[in-house]
Protein chains: 2
Amino acid sequence: MVIIITMPRKPFKTLEARACQAARHSKRREVIFEVLNSGHSHLNAEEVHHEARKRLPGIGIATVYRALKFLCGCGQASEFIPADGVARYEPGGSRAHHDHLICTSCGRFIEAVDPAIERLQEKLAARHGFKPTRHKLEIYGICAGCAGK
Amino acid sequence: MVIIITMPRKPFKTLEARACQAARHSKRREVIFEVLNSGHSHLNAEEVHHEARKRLPGIGIATVYRALKFLCGCGQASEFIPADGVARYEPGGSRAHHDHLICTSCGRFIEAVDPAIERLQEKLAARHGFKPTRHKLEIYGICAGCAGK
DNA sequence: GGGCATAGTGATAATGATTACCATTATTAG
DNA sequence: CTAATAATGGTAATCATTATCACTATGCCC
Ligand SMILES: [Mn+2]
Ligand SMILES: [Mn+2]
Ligand SMILES: [Zn+2]
Ligand SMILES: [Zn+2]
């Protein structure tokens, strides 16, 4: 299940390789990977740290930040920054791209994706001679649960 | 041209009123409003400060932050936070909502809006029982100018 | 298994954007 | 003009994130 690439025999040739390939296996990185894939998603670094501590009490916050950045570089996690400016993380890799409906009342993140919107975004970019590499769509509002109250 | 609301006679009744209504006219606020509406848009607070200083050399950075927040509260400016986490500002009010194509090479912001996408976003939200109040669509990639090089 | 080079780690200092604080200044009703 | 107080500027505080550095863990070699 854990697919952290490890152990290049020779020194890294490029910065990218160094940034995205682990030279050694690491228990902490594995734990942080597991936390991301353990159900509750959209955690910020502090919350990841809190969860990771349950499994590895001594783990430091700096290691959490390092591992999250590393996993993002590997495509094993993805980062996004909502309106409050605090980065949040979710498992990446095989998980498909999706957008977020963010409830401003309870803070919940609803994941959604509309192929038609994705297609129109490509067209919109093309119309401006723009080559898109990634995009971020966040819809803020009130979720069904909060509206019902 | 400057439409800063001023002068409530009585003490503010609510926090919102206090946040969005100026009790007194202020030359600095006016200057910052003018900077936002003076052409080059998508400035961050530091850049607004730099521009404002040309007109009012003594103006402080704290005042810039205060005025920007105030203008956003009035609907006279809007704030958005791109991937680097540093808030940027543009004139609000009568200007219509728009999305951004952001060039990761030169940093340029291209403004665009596609009514079909807007409509589909509403539908997507509705499908999840979600009442949207605002949204943010940012497409990152390479602009025509940078691609041509 | 032990040695070695070095990637990884944890504590903490540094950073950078933004906000809070407070003494001073500017604005405006009367 | 004067009094009341909103606005301001300098700067300390805050908060998330990154850099630093001495120390530890990993894994290839023999
Ligand atoms: Mn998600
Ligand atoms: Mn814009
Ligand atoms: Zn909710
Ligand atoms: Zn460009």
Side-chain angles (χ1 to χ4, degrees), chain A residues 2 4-12 15 17-33 43-50 52-53 55-74 77 79-89, chain B residues 2 4-12 15 17-33 43-50 52-53 55-74 77 79-89:
Chain A
V2 181
I4 297 179
I5 294 92
T6 55
M7 257 158 302
R9 291 27 337 170
K10 303 284 186 294
F12 296 116
L15 283 174
R18 179 179 185 117
C20 294
Q21 270 195 320
R24 294 178 187 170
H25 176 267
S26 149
K27 185 64 187 162
R28 344 272 162 130
R29 224 145 33 194
E30 199 171 322
V31 162
I32 287 164
F33 178 88
L43 302 177
N44 62 30
E46 192 192 348
E47 290 161 352
V48 171
H49 186 210
H50 186 80
R53 261 218 245 243
R55 314 189 191 201
L56 252 89
I59 195 169
I61 185 71
T63 297
V64 172
Y65 275 106
R66 270 187 296 244
L68 288 171
K69 202 154 115 177
F70 169 81
L71 290 170
C72 287
C74 290
E79 175 192 78
F80 72 105
I81 301 176
D84 68 359
V86 180
R88 291 186 172 272
Y89 300 86
Chain B
V2 180
I4 296 178
I5 293 92
T6 55
M7 259 159 301
R9 309 325 50 137
K10 301 286 184 295
F12 297 116
L15 283 174
R18 181 182 183 114
C20 295
Q21 270 195 320
R24 292 179 188 172
H25 174 268
S26 148
K27 185 64 188 165
R28 344 273 164 129
R29 223 144 37 194
E30 198 171 324
V31 163
I32 287 164
F33 177 88
L43 303 177
N44 62 31
E46 191 190 348
E47 290 162 351
V48 171
H49 186 208
H50 186 80
R53 261 218 246 243
R55 313 190 191 201
L56 251 90
I59 196 169
I61 185 69
T63 298
V64 172
Y65 275 106
R66 270 187 297 244
L68 288 171
K69 201 154 114 178
F70 169 81
L71 290 170
C72 287
C74 290
E79 176 193 76
F80 72 105
I81 301 175
D84 68 358
V86 180
R88 290 187 173 273
Y89 299 86

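We name chains A, B, ... by the order of the sequence lines, and we start the count at 1 in each one.
Among residues two or more places apart in sequence or in another chain, the side chain to side chain donor-acceptor pair (under 3.5 Å) test is passed with B/R66 by B/T63. A search for side chain to side chain donor-acceptor pair (under 3.5 Å) contacts involving B/E46 returns nothing, not counting sequence neighbours. Applying the side chain to side chain contact (heavy atoms under 4.5 Å, CB included) rule to A/A67 yields the partners A/R29, A/I32; only residues at least two apart in sequence or on another chain are considered. Looking at residues two or more places apart in sequence or on another chain, you find a salt bridge (Lys or Arg N to Asp or Glu O under 4.0 Å) between A/R88 and A/E47. The side chain to side chain donor-acceptor pair (under 3.5 Å) test applied to A/R53 returns no partner, not counting sequence neighbours. With sequence neighbours excluded, no residue forms a salt bridge (Lys or Arg N to Asp or Glu O under 4.0 Å) with A/E79.
Put simply, CD on B/E30 is 11 Å from P on C/dT27, counting in whole angstrom units. Put simply, NE2 on B/H25 is 15 Å from P on C/dA26, counting in whole angstrom units. Spacing between atom CZ of A/R53 and atom C1' of C/dT9 amounts to 14 Å, rounded to whole angstrom units. Rounded to an integer number of Å, the gap from B/F80 CZ to C/dA17 C1' is 16 Å. We find that NZ of A/K69 is positioned 15 Å from C1' of C/dG8, with the value rounded to whole Å. One atom, NE2 of A/H49, and another, P of C/dT9, lie 12 Å apart when rounded to the nearest Å. Note: CD (B/E46) to P (C/dT18) measures 9 Å, nearest angstrom. If you take CG of A/L68 and P of C/dG8, they are 15 Å apart, rounded to a whole angstrom.
Annotation for A/I81 and B/A83: closest pair CD1-O, 3.3 Å, computed over non-hydrogen atoms. Nearest approach of A/I61 to A/A45, heavy atoms of both residues: CD1-O, 4.1 Å.
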Mind listing the N/O atom pairs, protein and nucleotides 8-10 of chain D, below 3.5 Å?
from: D/dT8; atom 1: OP1; to: B/S26; atom 2: OG; distance (Å): 2.4
from: D/dT8; atom 1: O3'; to: B/R28; atom 2: NH1; distance (Å): 2.8
from: D/dG9; atom 1: OP1; to: B/R28; atom 2: NH1; distance (Å): 2.6
from: D/dG9; atom 1: OP1; to: B/G58; atom 2: O; distance (Å): 3.4
from: D/dG9; atom 1: OP2; to: B/G60; atom 2: N; distance (Å): 3.0
from: D/dG9; atom 1: OP2; to: B/T63; atom 2: OG1; distance (Å): 2.2
from: D/dG9; atom 1: N7; to: B/R66; atom 2: NH2; distance (Å): 2.7
from: D/dG9; atom 1: O6; to: B/R66; atom 2: NH1; distance (Å): 3.3

Using atom names, set out every protein N or O paired with an N or O of nucleotides 3-5 of chain D below 3.5 Å, distance rounded to 0.1 Å.
from: D/dT5; atom 1: O4'; to: B/R24; atom 2: NH2; distance (Å): 3.4
from: D/dT5; atom 1: O2; to: B/R24; atom 2: NH1; distance (Å): 2.6
from: D/dT5; atom 1: O2; to: B/R24; atom 2: NH2; distance (Å): 2.9

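Computed from C1' positions of five pairs at each end, the angle between the two local axes of the helix from C/dG1-D/dC30 to C/dG30-D/dC1 equals 30°, rounded to 10 degrees.
Looking at B/V64, B/L43, B/L68 one by one, the single match for side chain to side chain contact (heavy atoms under 4.5 Å, CB included) with B/Y89 turns out to be B/L68.
OP1 or OP2 of D/dT17 has at least one side-chain nitrogen or oxygen of A/Y65 nearer than 4.0 Å.
B/H49 contributes no side-chain N or O that, together with a main-chain N or O of B/Y65, makes up a donor-acceptor pair within less than 3.5 Å.
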